[in-house]
Amino acid sequence: MADSAAAPPKPSSSVKLVLLGEAAVGKSSLVLRFVNNDFQENKEPTIGAAFLTQKSHLPHRTIKFEIWDTAGQERFASLAPMYYRNAQSALVVYDLTKPTSLVKAKHWVAELQRQASPGIVIALVGNKLDLTNEDAAASGETNTGEGGDVESGEAAEESGDARKISAKEGRDYAEEEGLLFFETSAKTGVNVQEVFTAIANAIPETQMKGAKGSGAAGAGTGQTALGSERVNLNQRAEGVKEGCAC
Amino acid sequence: MGLDGEESLATSERAEENANDRTEATSPPRDGEDESTIRRAKEEGAETGSKVEFLSTNIQAGSQSPVLEQEYRPPLPPRPNNVNILREGSYSPGSSLKRPGKTPRPLLQSTATTALSRTEVNTQSYQDGSRESFAASAQRTPPSKAVAAFGSIRKVKGLSDSEGGDSASVRSYAPTLETGGDAESLLGEVLGASQESPAWRLLGTQNEAPDPFDSVTYEDDEATADFYREFDEIGAVAADGENEEQLLKKWKSKRKHFLILSSAGKPIYNRHGDDNLISGYIGIIQTIISFYEGSHDQLKGFTAAGARFVVMSQGPLYLVAISKLGENDAQLRVQLEALYMQILSTLTLPNLTHMFSNRPSTDLRRPLQGTEPLLSALADTFTRGSPPTLLSALECLKIRKSHRQAINDTLLRTRCETLLYGLIVASGRLVSVVRPRKHSLHPSDLQLIFNMLFEARGVKAGGGENWIPLCLPGFNKNGYLYMYVSFVSAYDSEAEQGSEGHETGKPDDIAILLISANKESFYDLRKMRDALVEELEVHGSMAIIKSAVRRGRPTATDIVPGTVLRHFLYKSRANVQFTMPSYEPSFTTLLARRRLLSLYHALHASIHAKNAHLKVHHCISRESISLAWVTPLFELYCVAGPHASRNALAQSANKVIQWVRREEERVFIIGGAVSIHSLDNHTTYESLTLPAARYSD
């Protein structure tokens with residue numbers, strides 16, 4: 001709002017993003033890290049949903065994220081459609097120390113593929129990387145964006161303390177469904193910024209809400225558009241399968 | 001509510017057993033009667049006057065030995081006397097009831113048992129309306145008037161029940177007398193109550209200190225120091241259960257517990273310790289409650305080991321408060337009610353009943369997941385002591401009437417179609433409200449909202465704006481409303497317009513609450529909020545609110561220069577609102593504040609005792625001199641240091657009244673053209689309309 005005057009000459013547009021996932025996997029903490037670069041231990045659960053905004057500066061444009069951070073508790077699930085409706089992107093979060101949370105994440109992915117707007121960019125995020133024994137360098141390599149540098153992250157294998165879900169398991173599923181995949185730690189900040197940047201990159205220009213950003217931008221746009229196209233294809237294909245599994 | 005004949009019979013049976021146990025312990029068992037004979041005898045006894053006679057003798061016996069009872073733990077005060085009586089009158093029904101003694105039953109003797117005699121004697125003095133100790137009043141009941149006495153006991157029982165004192169329930173011998181439990185404080189023996197109430201004794205420190213409220217180094221005192229640890233986590237039981245004993249010790253050291261369980265005995269919520277740790281206790285409490293339920297009695301409360309247990313059953317839920325802080329039953333019940341309201345607020349009543357009617361063994365913790373912090377925030381507020389809860393009233397931010405009017409007008413002007421309620425709240429104090437003509441706002445609902453926003457950190461810590469589905473049980477317990485919340489920091493003069501979340505961490509924030517019945521109206525309300533904040537900024541109203549928040553409450557000496565008063569609570573009954581000065585400088589510590597609130601609780605209990613009909617109540621103790629003053633218009637509770645004179649206190653009280661009268665339209669929100677009721681029943685939130693700016697729907 002007030003910041004619009006101070007916007008750089010770069011084209012800017014807003015992207016609606018929704019966070020989904022089981023309770024206590026760290027959705028709010030990821031947002032807090034992204035928006036305020038802050039972390040709170042023992043954060044109290046979100047009630048309902050929180051709405052936050054944050055700008056992400058890409059080389060060729062600025063993206064203003066309008067983030068819906070939803071509560072993970074079962075009883076709020078019925079409200080979720082209201083948040084993911086019209087969302088261009090979704091962050092489905094699980095706790096890589098808790099197997100049930102991946103199951104829940106898969107449900108969310110299926111629901112998004114069925115119900116959300118067709119072009120939605122979904123990122124699967126395994127959070128709480130700090131609870132594993134891997135050092136930050138190794139975990140950094142798990143940064144395998146969907147269309148980007150692939151197959152670099154075998155380093156993050158089953159060496160962790162509390163880790164219950166291997167990076168491979170998450171990544172395989174993400175590839176199958178055509179999702180972006182990251183393992184993050186909201187606590188240490190590892191990969192958090194990267195998730196949002198990757199989402200920003202994966203959203204095609206044409207889907208941006210802001211009118212400003214429509215005409216501009218060059219090479220970068222082409223790449224991301226390609227990426228998201230593939231996402232779409234995969235989503236459709238898998239969406240049917242997942243539909244009955246749900 | 002009241003006990004019917006059958007139930008009281010059950011109770012008295014137990015009393016007899018008690019008596020018999022006592023007899024046994026001191027005298028050799030008699031031969032003869034077997035159990036069935038005894039039972040028959042008991043039943044006969046209960047139905048006839050002879051039974052009553054037994055009771056009255058018991059009363060007398062109890063009254064003769066108050067000194068004994070003052071002694072500590074072994075809580076069987078009237079034993080010798082009782083025995084004598086029973087022995088002497090070997091022909092009396094009492095003696096024939098003797099249990100053919102086999103093994104003694106130490107458990108029955110030492111733990112909480114239904115003690116008809118004690119309880120009744122206590123209530124006896126209720127009826128007198130006097131402040132005599134129960135011993136005295138009981139002594140005046142001659143055995144010859146046994147039947148009459150019994151009748152009156154029954155009557156009183158009903159009385160005390162409706163009072164909420166609930167003394168006609170299980171109550172163990174020793175602690176009742178020893179700790180100045182509910183009945184005693186209700187009796188109006190306030191001097192005693194305030195001095196000797198468990199809270200005072202537990203928290204009491206150097207009584208000799210000239211200024212106990214402020215100058216004491218509480219940390220030195222072992223009994224009090226750990227109040228600071230009241231809110232500490234207990235921690236989880238280790239896998240091998242090794243630390244369990246230690247944890248239980250910690251658990252028992254807590255002054256206050258709240259337990260919520262389903263009637264099937266499933267734990268739902270407890271303030272301290274995890275379920276594994278205390279599952280045994282949950283089982284016990286469930287057994288006790290359902291035992292009474294089984295006999296169509298309803299357990300309201302009992303006292304054991306210095307702790308008052310109050311039980312409330314709400315549909316499929318049992319709520320239990322356990323307090324060593326000296327609150328009375330009515331006060332604890334209000335707190336349980338608030339917890340129940342929080343559960344309803346999360347689930348709505350139809351959902352709750354539906355779940356349990358489908359499956360009585362439902363584990364409610366899952367659907368309630370995420371509500372624990374809200375319940376705990378409420379519980380901790382009660383443990384710290386909360387004037388709004390005690391008074392069932394709201395506090396408003398003190399600003400000029402014209403300023404408030406301007407804010408009201410702005411709210412009305414910027415109101416959007418879907419708005420139901422619009423509120424501006426500054427650090428837990430109400431600034432302004434708009435509401436539709438036909439809908440009132442309930443203090444209990446506002447308490448839940450304030451608790452969510454200002455006590456539990458969940459909403460604020462998240463930053464940003466929030467969209468919260470919640471049920472406001474006072475408004476409608478059957479459905480959800482949707483609340484838009486955004487905070488404005490009171491300290492940043494350049495208001496960041498909600499797009500940044502980081503300004504919301506400070507305690508003194510201003511919250512804009514916009515409530516709608518439409519779950520899709522977030523963006524509408526958000527737009528309204530932007531317009532509202534902008535207008536408030538333009539007209540300078542926001543600056544006024546911010547400076548009022550920063551200024552805080554005035555101190556007592558600001559209000560009445562040179563006063564002896566340390567603190568006061570003034571409740572306007574008509575407005576369901578209260579005002580109070582700052583806790584500074586006398587009550588800055590957690591402990592000092594708790595002690596102050598305990599004093600207020602004691603004053604409140606005595607002045608509201610049903611048959612006390614008090615208007616002014618003075619109370620002098622070693623720590624303080626205090627006054628409660630109730631008229632149809634207001635309730636005033638003042639506290640001064642121990643060396644203040646009564647006159648000075650009374651004078652100051654008058655000055656406070658004058659001040660409130662002068663400032664009435666600033667400290668309270670007045671003038672909404674809404675019908676005004678008086679709040680007679682302090683124990684429940686009435687569906688009172690809160691005066692507020694209105695818009696016609």
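First the proteins, then the strands, lettered A, B, ... as listed; each starts at 1.
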Can you tell me which portion of A/Leu79 sits under 4.5 Å from chain B's heavy atoms? Options are side chain, backbone, both or neither.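 When you check distances to chain B, only side chain atoms of A/Leu79 fall under 4.5 Å.
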Does any backbone or side-chain atom of A/Ala49 lie under 4.5 Å from a heavy atom of chain B? Answer side chain, backbone, both or neither.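 When you check distances to chain B, atoms from both the backbone and side chain of A/Ala49 fall under 4.5 Å.
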Select one option (side chain, backbone, both, neither) describing which atoms of B/Leu374 are under 4.5 Å from chain A's heavy atoms. side chain
Examine whether an atom of B/Met452 lies under 4.5 Å from a heavy atom of chain A, and if so say whether it belongs to the side chain, the backbone or both; otherwise answer neither. side chain
One thing to verify: whether A/Glu169 and A/Arg163 come together as a salt bridge, which I'm taking to mean a side-chain N less than 4.0 angstrom from a carboxylate O.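 A salt bridge is absent here (no side-chain N lies under 4.0 Å from a carboxylate O).
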Is there any salt bridge (Lys or Arg N to Asp or Glu O under 4.0 Å) pair reaching into residues 83-103 of chain A, and which pairs are they, with sequence neighbours excluded? A/Glu22-A/Lys98, A/Arg85-B/Glu520, A/Asp95-A/Lys128
At their closest point, which heavy atom of A/Val192 faces which heavy atom of A/Ser185, and how far apart are they? CG2-O, 3.7 Å
Mind checking what makes side-chain hydrogen bond (donor to acceptor under 3.5 Å, both in side chains) contact with B/Thr348, not counting sequence neighbours?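 Only B/Asn351 meet the side-chain hydrogen bond (donor to acceptor under 3.5 Å, both in side chains) criterion with B/Thr348.
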